[in-house]
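Excluded from the calculations below are hydrogen atoms, water molecules and symmetry mates; all remaining heavy atoms, backbone and side chain alike, are included. The chain is numbered in sequence order, starting from 1.
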Amino acid sequence: LREGTTIPSSITKMDLGCELPKEEDCEEIDSINYKSGLGMIFAARPIQSSSSNYWMFEYIRRLVGSSDEEVMFESVVLGCINKDRFQYAVYIYE
């Protein structure tokens, strides 16, 4: 803003935390369509999430399987998911 460069139209005053100066000359700075490919990103999120869960459980399984002693994890119980099934949200620090 100090240098007087133009501000992209996608930036709002909430993004900057101050009022935007009024622009007289509205020319498009870049022609990148940031919305293209969003469908692929949203479709990939469940796959990424299940993959992350798989590798987390696989890490724990291998760690427990390779140890002759009891394995302990430093963790925090974040909350109860299903009391009847003893399901809890747990954050493991490791």
L63 and F73, any side-chain heavy atoms less than 4.5 Å apart: yes
Working to the nearest 0.5 angstrom, can you tell me the gap between F57 CZ and S52 OG? 9.5 Å
Considering all heavy atoms of both residues, which atom of V71 and which atom of V64 are nearest to each other, and what is their separation? CG2-CA, 3.9 Å
Using the rule that Ile, Leu, Val, Met, Phe, Trp and Tyr join whenever any side-chain heavy atoms are under 4.5 Å apart, tell me whether V90 and F86 fall into a single cluster. yes
Please check this pair: side chain of S50 against backbone of P46, looking for a donor-acceptor N/O pair closer than 3.5 Å. yes
By side-chain hydrogen bond (donor to acceptor under 3.5 Å, both in side chains), R61 pairs with (sequence neighbours left out) E58
Under the side chain to side chain contact (heavy atoms under 4.5 Å, CB included) test, residues paired with A89 that sit two or more places apart: L78, I81
Do Y88 and V76 share a hydrophobic cluster, counting only Ile, Leu, Val, Met, Phe, Trp and Tyr and linking them when any side-chain heavy atoms are less than 4.5 Å apart? no
Residues that Y91 engages under ring-ring contact (aromatic ring centres under 6.0 Å, His included), provided they are two or more places apart: Y93
